[in-house]
Every structure is written in structure tokens, then in C-alpha cells.
Amino acid sequence: MAPLPASDDRRQLRRTLRRRRRLLDERAQRLASMSLARQLMQLAPLRRARHVALYLPENGEIDPTPLVDWLHQRGTRVYLPVLRPLVENRLWFVHWRPDTRMVLNRFRITEPDLRQSGERIRRLAPWALDVVLMPLVGFDEQGHRLGMGGGFYDRTLAFASREHGPRPTLIGVAHHCQQVERLPHQPWDVNLDMIVSDQKVLRPANASP
């Protein structure tokens with residue numbers, strides 16, 4: 001499927017791209033997910049990572065969870081994003097284990113129960129993660145991205161734009177059909193180190209070394 005034409009209407013693009021990924025049937029979703037996992041397993045940041053954050057797919061998002069068993073076999077801890085209580089539009093990253101109790105948040109998205117994630121020992125500061133896999137609504141060849149519009153990842157990971165200090169490798173993931181010819185870059189957008197789809201790996205020119 002060809003990339004969508006360039007557009008500055010981010011709201012319309014979100015609607016169109018979300019509809020594109022929802023139209024993928026179960027078989028196409030499964031094959032894309034496995035292809036994504038194979039691409040990710042080849043990346044040096046993931047092969048050496050000890051702490052990796054990913055997400056549970058919603059609304060047709062490409063599924064990164066086939067990567068979990070491979071990560072566990074390598075001794076890597078896996079974390080999920082959780083909406084922080086009392087802090088607007090920011091995330092915690094919580095260690096995800098087989099016994100983790102799951103609930104629906106205010107957006108009807110499944111996440112670890114805050115009654116467990118409130119235990120500080122199960123949370124990890126974003127700067128201490130090695131890799132964060134971020135779901136994208138859209139992306140372009142230059143590495144610009146389109147998120148859901150809530151700004152959760154941008155606010156939580158804003159520190160990653162600083163030149164000094166520890167930071168995770170930020171990898172956006174999406175279906176290939178979510179590619180756009182050109183996306184406008186917003187000043188608050190956190191730059192990604194890579195974008196990985198089921199068909200390719202993009203390393204933007206503005207990525208961190």
C-alpha cells in the first residue's frame with residue numbers, strides 16, 4: 001500500500017490512518033506482528049537491553065508482544081506504560097509480570113493495576129529504561145511521527161531531547177500502511193532514534209548517535 005500523500009491536517013490523518021490499520025484482518029495483523037518482532041530482534045539496542053518498555057495493542061495498533069518471550073529468555077525486564085495518577089498526561093513504566101493484575105484506565109486501555117504499580121520497586125524511571133517501543137499513528141521517511149494527540153509520551157520523555165544524561169533508545173513502531181509522504185514536525189515532538197514497521201527500519205537523520 002502506497003504512503004498517503006503529504007498533509008498538514010493532523011486530525012484528518014489520524015482518522016484515515018487509524019481506519020487503515022483497523023481494516024487489516026486478523027491474519028494480516030498476526031503476520032505484521034511477527035515480521036515486526038523479527039526486525040526488532042536484529043537491533044543492537046534491543047539485543048543488549050536489560051529494561052524494555054512496550055505497549056499492549058489497541059484499535060489496530062501493530063502488536064509488539066511476540067517480542068516478550070525472546071526478551072525474557074535474555075533476562076530482560078519488560079515494562080508497560082501506566083497513566084500517572086494526579087499528573088496530567090504523563091506515564092509511569094511498570095514491570096509487567098505474569099501475575100500482574102490488569103485493569104482498564106479512563107481511556108478503556110488495559111494497563112497494570114495502580115494498586116500494584118504504586119509499589120515503587122515495580123516502577124522504573126523513564127531515563128533508566130534502555131529501550132522504549134512507542135506506538136505510532138503515522139510516520140514518514142524523514143522520521144517524523146504522528147501520535148494519538150494526547151502528548152503522553154512527549155511529556156514523559158521530553159528529557160530525552162537534552163544533550164546530556166542517560167536516556168533510552170526511542171523506537172517508534174507501526175504498520176507499513178501507516179506511512180505518509182510527509183508529516184509536519186511539531187516543536188514538542190520527541191525525536192525518535194528509529195522507526196520500525198513490518199517492512200523496514202528507518203534511522204532518521206536527526207536521531208541521537
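Owing to the predicted nature of the structure, the values given are computational and were not obtained by experimental measurement.
Scanning all heavy atoms of the two residues, the minimum distance from Arg155 to Gly150 falls at NH1-O, 2.9 Å. Taking both residues in full, the closest heavy atoms of Phe152 and Arg90 are given as CD2-N, 3.8 Å, listed atom of the first, atom of the second, then distance. Residues Glu141 and Leu202 approach most closely at OE2-CD2, 3.3 Å, considering heavy atoms. Of all heavy-atom pairs between Pro81 and Tyr55, the closest is CD-CA, 4.2 Å. Summarising the geometry of Ala49 relative to Val131, their closest heavy-atom pair is CB-CG2, 4.1 Å, with the distance given to 0.1 Å. Closest approach of Leu136 to Ala174, counting heavy atoms only: CB-CB, 4.0 Å.
For the atom pair CG of Leu36 and OG1 of Thr65, the computed distance is 10.0 Å after rounding to the nearest 0.5 Å. Rounded to the nearest 0.5 angstrom, Leu46 CG and Leu71 CG are separated by 6.5 Å. Taken from CG in Asp140 to CD in Gln179, the straight-line distance is 7.5 Å, to the nearest 0.5 Å. Atoms CG and CG, on Leu83 and Asn105 in that order, are 4.5 Å from each other to the nearest 0.5 Å. For the atom pair CG of Asp63 and CG of Leu56, the computed distance is 8.0 Å after rounding to the nearest 0.5 Å. Note: Asn59 CG to Arg108 CZ = 14.5 Å, rounded to the nearest 0.5 Å.
Hydrophobic cluster membership is shared by Leu80 and Ile109, with clusters built from Ile, Leu, Val, Met, Phe, Trp and Tyr side chains linked at under 4.5 angstrom. Both Trp70 and Tyr79 are members of a single hydrophobic cluster when ILVMFWY side chains are connected at heavy-atom separations under 4.5 Å. Under the 4.5 Å side-chain contact rule for hydrophobic residues, Ile171 and Val201 share a cluster. There is no path of hydrophobic side-chain contacts, each under 4.5 Å, that joins Leu31 to Leu24. Taking hydrophobic clusters as Ile, Leu, Val, Met, Phe, Trp and Tyr residues chained together by side-chain heavy-atom distances below 4.5 Å, Leu133 shares a cluster with Phe159.
Using cut-offs of 30° and 60° for the angle between ring planes, the Tyr153 and Phe93 rings count as tilted.
For the pair Asp193 and Arg167, the minimum side-chain heavy-atom distance is below 4.5 Å. For the pair Leu17/Val180, a side-chain contact is recorded, criterion being any heavy-atom separation below 4.5 Å from C-beta on. Inter-residue side-chain proximity for Leu183 and Leu13 is flagged as met; some heavy-atom pair is nearer than 4.5 Å. The closest side-chain heavy-atom distance from Val190 to Met134 is not below 4.5 Å.
Although no hydrogens or angles enter the test, the distance criterion places a donor-acceptor pair under 3.5 Å between the side chain of Arg74 and the main chain of Arg47. Judged purely by atom type and a 3.5 angstrom limit, Glu61 uses its side chain to pair as donor or acceptor with the backbone of Glu58. Between the side chain of Gln29 and the main chain of Gly60, a donor-acceptor pair closer than 3.5 Å is present. Checked by atom type and distance alone, the side chain of Asp113 never pairs as donor or acceptor with a backbone atom of Val103 at under 3.5 Å.
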*Run the numbers on Val137 and Met148 for side chain to side chain contact (heavy atoms under 4.5 Å, CB included), then give the verdict.*
CA-CA 6 Å; Val137 175; Met148 285 297 294; 3.5 Å; yes

_side chain to side chain contact (heavy atoms under 4.5 Å, CB included) between Leu43 and Val196, intermediate numbers included_ = CA-CA 10 Å; Leu43 299 179; Val196 182; 3.9 Å; yes

_Test side chain to side chain contact (heavy atoms under 4.5 Å, CB included) on Trp96 and Met102; report intermediate values, then the result._
CA-CA 10 Å; Trp96 184 32; Met102 307 297 287; 4.1 Å; yes

*When you look at Val52 and Leu129, which way does the side chain to side chain contact (heavy atoms under 4.5 Å, CB included) test go after all the steps?*
CA-CA 6 Å; Val52 173; Leu129 291 162; over 6 Å; no

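No hydrogens or angles considered: nothing links the side chains of Arg84 and Thr156 as a donor-acceptor pair under 3.5 Å.
Listed by chain and residue number, Arg145 satisfy the salt bridge (charged side-chain N to carboxylate O under 4.0 Å, His left out) test with Asp154 (two or more places apart in sequence, or in another chain).
The pair Arg27-Asp25 does not count as a salt bridge, with every side-chain nitrogen at least 4.0 angstrom from each carboxylate oxygen.
For Met41, the CE atom counts as densely surrounded, since its 6.0 Å shell holds more than 12 non-hydrogen atoms of other residues, nucleotides or ligands.
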